J.: 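First the structure, which I've put down as C-alpha coordinates, then a few questions once you've had a look.
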Amino acid sequence: DVQLQASGGGLVQAGGSLRLSCAASGFTFDDYNIGWFRQAPGKEREGVSSVRSSDGSTYYADSVKGRFTISRDNAKNTLYLQMNSLKPEDTAVYYCAADVYGSWYIGGSGLKAPFGSWGQGTQVTVSS
(Lines give C-alpha, C1' and ligand atoms only; values in the text may rest on other atoms or scores of the structure.)
Protein backbone atom coordinates (compact mmCIF):
# COMPACT_ATOMS: atom_id res chain seq x y z
CA ASP A 1 0.00 0.00 0.00
CA VAL A 2 1.64 3.23 -1.20
CA GLN A 3 1.67 5.96 1.41
CA LEU A 4 3.25 9.40 1.35
CA GLN A 5 3.43 11.89 4.19
CA ALA A 6 4.68 15.40 3.62
CA SER A 7 5.96 17.70 6.33
CA GLY A 8 8.09 20.78 6.81
CA GLY A 9 5.76 23.54 5.72
CA GLY A 10 5.31 26.73 7.66
CA LEU A 11 5.33 30.50 7.62
CA VAL A 12 8.45 32.23 6.33
CA GLN A 13 9.35 35.71 5.18
CA ALA A 14 10.13 36.44 1.57
CA GLY A 15 13.71 35.52 0.83
CA GLY A 16 13.72 32.76 3.41
CA SER A 17 14.08 29.01 3.07
CA LEU A 18 12.17 25.88 3.94
CA ARG A 19 12.84 22.20 3.41
CA LEU A 20 9.91 19.91 2.79
CA SER A 21 10.16 16.19 3.48
CA CYS A 22 8.04 13.35 2.18
CA ALA A 23 8.25 9.99 3.90
CA ALA A 24 7.25 7.21 1.53
CA SER A 25 6.26 3.65 2.30
CA GLY A 26 4.93 0.72 0.35
CA PHE A 27 7.31 1.25 -2.55
CA THR A 28 10.89 2.25 -3.34
CA PHE A 29 12.02 5.20 -5.39
CA ASP A 30 13.18 2.86 -8.12
CA ASP A 31 9.56 1.87 -8.71
CA TYR A 32 7.92 5.18 -9.64
CA ASN A 33 8.56 8.71 -10.69
CA ILE A 34 8.02 10.95 -7.67
CA GLY A 35 7.54 14.62 -7.26
CA TRP A 36 6.16 17.71 -5.62
CA PHE A 37 3.08 19.62 -6.64
CA ARG A 38 1.43 22.69 -5.20
CA GLN A 39 -1.95 24.32 -5.25
CA ALA A 40 -2.71 27.88 -4.28
CA PRO A 41 -6.26 29.04 -3.48
CA GLY A 42 -8.25 29.53 -6.67
CA LYS A 43 -5.49 28.15 -8.86
CA GLU A 44 -4.89 24.86 -10.63
CA ARG A 45 -2.47 22.35 -9.25
CA GLU A 46 1.06 22.99 -10.50
CA GLY A 47 3.83 20.47 -10.95
CA VAL A 48 6.81 21.92 -9.10
CA SER A 49 9.53 19.31 -9.40
CA SER A 50 9.98 15.60 -10.02
CA VAL A 51 12.57 12.85 -10.17
CA ARG A 52 12.39 10.14 -12.80
CA SER A 53 12.78 6.65 -11.39
CA SER A 54 14.67 5.27 -14.38
CA ASP A 55 17.65 7.59 -14.33
CA GLY A 56 17.19 10.10 -11.54
CA SER A 57 16.78 12.99 -13.93
CA THR A 58 14.94 15.97 -12.52
CA TYR A 59 12.33 18.42 -13.67
CA TYR A 60 11.65 21.89 -12.33
CA ALA A 61 8.90 24.29 -13.18
CA ASP A 62 10.23 27.51 -14.67
CA SER A 63 8.84 29.41 -11.70
CA VAL A 64 11.15 27.60 -9.26
CA LYS A 65 14.27 26.90 -11.32
CA GLY A 66 17.41 28.04 -9.56
CA ARG A 67 15.59 28.36 -6.22
CA PHE A 68 14.26 24.88 -5.43
CA THR A 69 16.17 21.62 -5.31
CA ILE A 70 14.62 18.16 -5.23
CA SER A 71 16.50 15.26 -3.73
CA ARG A 72 15.84 11.81 -2.38
CA ASP A 73 17.38 9.60 0.25
CA ASN A 74 16.86 6.08 -1.01
CA ALA A 75 17.98 4.53 2.28
CA LYS A 76 15.34 6.48 4.19
CA ASN A 77 12.80 6.36 1.37
CA THR A 78 12.36 10.09 1.82
CA LEU A 79 11.92 12.81 -0.77
CA TYR A 80 12.96 16.39 -0.10
CA LEU A 81 12.33 19.78 -1.59
CA GLN A 82 14.77 22.49 -0.54
CA MET A 83 13.16 25.85 -1.20
CA ASN A 84 15.34 28.94 -1.14
CA SER A 85 14.68 32.58 -1.96
CA LEU A 86 11.01 32.06 -1.32
CA LYS A 87 8.53 34.50 -2.78
CA PRO A 88 4.94 35.30 -1.75
CA GLU A 89 3.78 33.61 -4.97
CA ASP A 90 5.21 30.33 -3.65
CA THR A 91 2.44 30.30 -1.05
CA ALA A 92 0.42 27.12 -1.54
CA VAL A 93 -0.32 23.70 -0.18
CA TYR A 94 2.50 21.42 -1.28
CA TYR A 95 1.89 17.75 -2.01
CA CYS A 96 4.24 14.89 -2.70
CA ALA A 97 3.10 12.21 -5.07
CA ALA A 98 4.14 9.02 -6.81
CA ASP A 99 3.40 8.14 -10.42
CA VAL A 100 1.99 4.71 -9.61
CA TYR A 101 -0.09 4.57 -12.80
CA GLY A 102 2.58 5.82 -15.17
CA SER A 103 0.43 8.74 -16.28
CA TRP A 104 2.68 11.71 -15.64
CA TYR A 105 4.02 13.73 -18.56
CA ILE A 106 5.77 16.99 -19.24
CA GLY A 107 3.93 19.10 -21.74
CA GLY A 108 4.00 22.64 -22.94
CA SER A 109 2.51 23.85 -19.69
CA GLY A 110 4.78 21.78 -17.46
CA LEU A 111 4.48 18.61 -15.42
CA LYS A 112 1.05 17.03 -15.44
CA ALA A 113 -0.19 14.22 -13.25
CA PRO A 114 -3.61 12.93 -14.34
CA PHE A 115 -3.36 10.10 -11.83
CA GLY A 116 -1.11 9.20 -8.96
CA SER A 117 -0.80 8.39 -5.32
CA TRP A 118 -0.93 11.54 -3.22
CA GLY A 119 0.09 12.37 0.29
CA GLN A 120 -1.61 14.92 2.46
CA GLY A 121 -0.40 18.43 1.81
CA THR A 122 1.73 20.74 3.86
CA GLN A 123 1.01 24.47 3.90
CA VAL A 124 3.74 26.89 2.87
CA THR A 125 3.04 30.56 3.47
CA VAL A 126 5.50 33.24 2.39
CA SER A 127 4.91 36.70 3.75
CA SER A 128 6.06 39.82 1.96
Side-chain angles (χ1 to χ4, degrees):
D1 189 23
V2 172
Q3 293 190 2
L4 301 138
Q5 184 163 354
S7 61
L11 173 64
V12 64
Q13 288 188 333
S17 298
L18 282 173
R19 188 176 81 154
L20 304 184
S21 299
C22 176
S25 61
F27 71 103
T28 68
F29 291 154
D30 288 338
D31 294 334
Y32 306 119
N33 302 329
I34 49 175
W36 291 96
F37 297 76
R38 66 186 181 186
Q39 189 162 22
K43 293 189 176 181
E44 289 189 359
R45 186 176 63 201
E46 177 187 16
V48 175
S49 183
S50 66
V51 179
R52 190 157 61 183
S53 60
S54 58
D55 60 6
S57 60
T58 57
Y59 161 85
Y60 294 96
D62 287 344
S63 57
V64 306
K65 276 181 184 174
R67 301 188 298 122
F68 290 12
T69 303
I70 192 169
S71 63
R72 58 186 184 181
D73 185 328
N74 290 348
K76 295 183 179 179
N77 229 33
T78 301
L79 181 70
Y80 302 100
L81 185 68
Q82 178 66 43
M83 306 187 295
N84 298 329
S85 302
L86 282 161
K87 303 175 181 180
E89 51 263 44
D90 294 318
T91 295
V93 178
Y94 283 70
Y95 301 88
C96 58
D99 185 15
V100 299
Y101 302 106
S103 71
W104 295 8
Y105 65 95
I106 298 172
S109 56
L111 174 64
K112 301 297 181 184
F115 303 99
S117 182
W118 298 86
Q120 94 293 350
T122 186
Q123 176 72 47
V124 172
T125 302
V126 184
S127 63
S128 57

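What you are looking at is a predicted structure, and each value in this text was computed from that prediction instead of being measured.
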J.: Measure the acute angle between the ring planes of Trp118 and Tyr95, then classify it against the limits of 30° and 60° as parallel, tilted or perpendicular.
T.: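 Geometry flag for Tyr95 against Trp118: perpendicular rings.
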
J.: Please determine if Arg19 forms a cation-pi arrangement with Tyr80, meaning its NZ or CZ atom is less than 6.0 Å from the six-membered ring centre and no more than 45° off the ring axis.
T.: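 Ring-cation test returns yes.
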
J.: Only counting residues at least two apart or in another chain, list the ones meeting salt bridge (charged side-chain N to carboxylate O under 4.0 Å, His left out) with Asp90.
T.: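 Here the qualifying residues are Arg38, Arg67.
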
J.: Between Thr125 and Val12, does a side chain to side chain contact (heavy atoms under 4.5 Å, CB included) hold up when you go through it step by step?
T.: CA-CA 6 Å; Thr125 302; Val12 64; over 6 Å; no

J.: Give the intermediate values and the outcome of side chain to side chain contact (heavy atoms under 4.5 Å, CB included) for residues Gln82 and Ser17.
T.: CA-CA 7 Å; Gln82 178 66 43; Ser17 298; 4.0 Å; yes

J.: Does any non-hydrogen side-chain atom of Leu11 lie less than 4.5 Å from one of Val124?
T.: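 Answer no - side chains too far apart.
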
J.: For Gln5, does the CD atom have more than 12 heavy-atom neighbours from other residues, nucleotides or ligands under 6.0 Å away?
T.: no

J.: Donor-acceptor pair, Asn33 side chain versus Asp99 backbone, under 3.5 Å?
T.: no

J.: Are Ile34 and Tyr101 grouped together when hydrophobic residues (ILVMFWY) are joined by side-chain heavy atoms under 4.5 angstrom apart?
T.: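 The answer is yes; both residues are in one hydrophobic cluster.
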
J.: Looking at Gly9, is its backbone amide N or carbonyl O close enough to the side chain of Thr122 to form a donor-acceptor pair, meaning the two atoms are under 3.5 Å apart?
T.: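 Confirmed, Thr122 side chain pairs with Gly9 backbone.
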
J.: Do you know the tightest heavy-atom contact between Ser103 and Ala113?
T.: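 It is OG-C, 4.5 Å.
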
J.: Would you say Val93 ends up clustered with Leu81 if hydrophobic residues are merged whenever their side chains have heavy atoms under 4.5 Å apart, either directly or through other cluster members?
T.: no

J.: The test is side chain to side chain contact (heavy atoms under 4.5 Å, CB included); show your working for Gln13 and Val126 and say whether it passes.
T.: CA-CA 5 Å; Gln13 288 188 333; Val126 184; over 6 Å; no

J.: Any chain of hydrophobic side-chain contacts (each under 4.5 Å) joining Val100 to Phe115?
T.: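 Yes; tracing contacts between hydrophobic side chains, which count when under 4.5 Å, links both residues.
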
J.: According to the interplanar angle, ranging from 0 to 90°, do the rings of Phe37 and Trp104 count as parallel (below 30°), tilted (30 to 60°) or perpendicular (above 60°)?
T.: perpendicular

J.: Answer yes if Ile70 and Phe29 sit in the same cluster of Ile, Leu, Val, Met, Phe, Trp and Tyr residues linked by side chain heavy atoms under 4.5 Å apart, and no otherwise.
T.: yes

J.: Would you kindly confirm whether Leu111 and Tyr94 end up in one hydrophobic cluster when ILVMFWY residues are joined by side chain heavy atoms under 4.5 Å apart?
T.: no

J.: Examine the side chains of Ser57 and Asp55 and answer whether a donor and an acceptor come within less than 3.5 Å of each other.
T.: yes

J.: Where do Ala6 and Cys96 come nearest, in terms of heavy atoms and distance?
T.: CB-SG, 4.0 Å

J.: Heavy atoms only: give me the nearest Leu4-Cys22 pair and the separation to one decimal.
T.: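 Looking at all heavy atoms of both residues, the shortest contact is CD2-SG, 3.7 Å.
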
J.: Return yes if a side-chain donor-acceptor contact under 3.5 Å exists between Ser63 and Glu46, otherwise no.
T.: yes

J.: Is the backbone N or O of Lys76 less than 3.5 Å from a side-chain atom of Thr78, with the two atoms forming a donor-acceptor pair by type?
T.: yes

J.: Check whether any side-chain heavy atom of Thr28 sits under 4.5 Å from a side-chain heavy atom of Asn74, and report yes or no.
T.: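 In short, these two side chains do not touch, never coming nearer than 4.5 Å.
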
J.: Please walk me through it: do Tyr32 and Ser117 pass side chain to side chain contact (heavy atoms under 4.5 Å, CB included)?
T.: CA-CA 10 Å; Tyr32 306 119; Ser117 182; over 6 Å; no

J.: Are side-chain N/O atoms of Asp30 and Ser53 paired as donor and acceptor at under 3.5 Å?
T.: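 On atom types as modelled, these side chains do not qualify, holding no pair under 3.5 Å.
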
J.: Look only at the side chain of Asn77 and the backbone of Phe27, and say whether a donor-acceptor pair between them is shorter than 3.5 Å.
T.: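 Side chain of Asn77 to backbone of Phe27: a pair is present.
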
J.: Quick check: closest heavy atoms across Gly47 and Tyr59, and the distance to 0.1 Å?
T.: O-CE2, 3.9 Å

J.: For ring pair (Phe, Tyr, Trp, His ring centres under 6.0 Å), just list the numbers for Phe68 and Tyr60, CA-CA rounded to whole Å, side-chain angles, deciding distance to a tenth of an Å, and then say yes or no.
T.: CA-CA 8 Å; Phe68 290 12; Tyr60 294 96; 8.2 Å; no

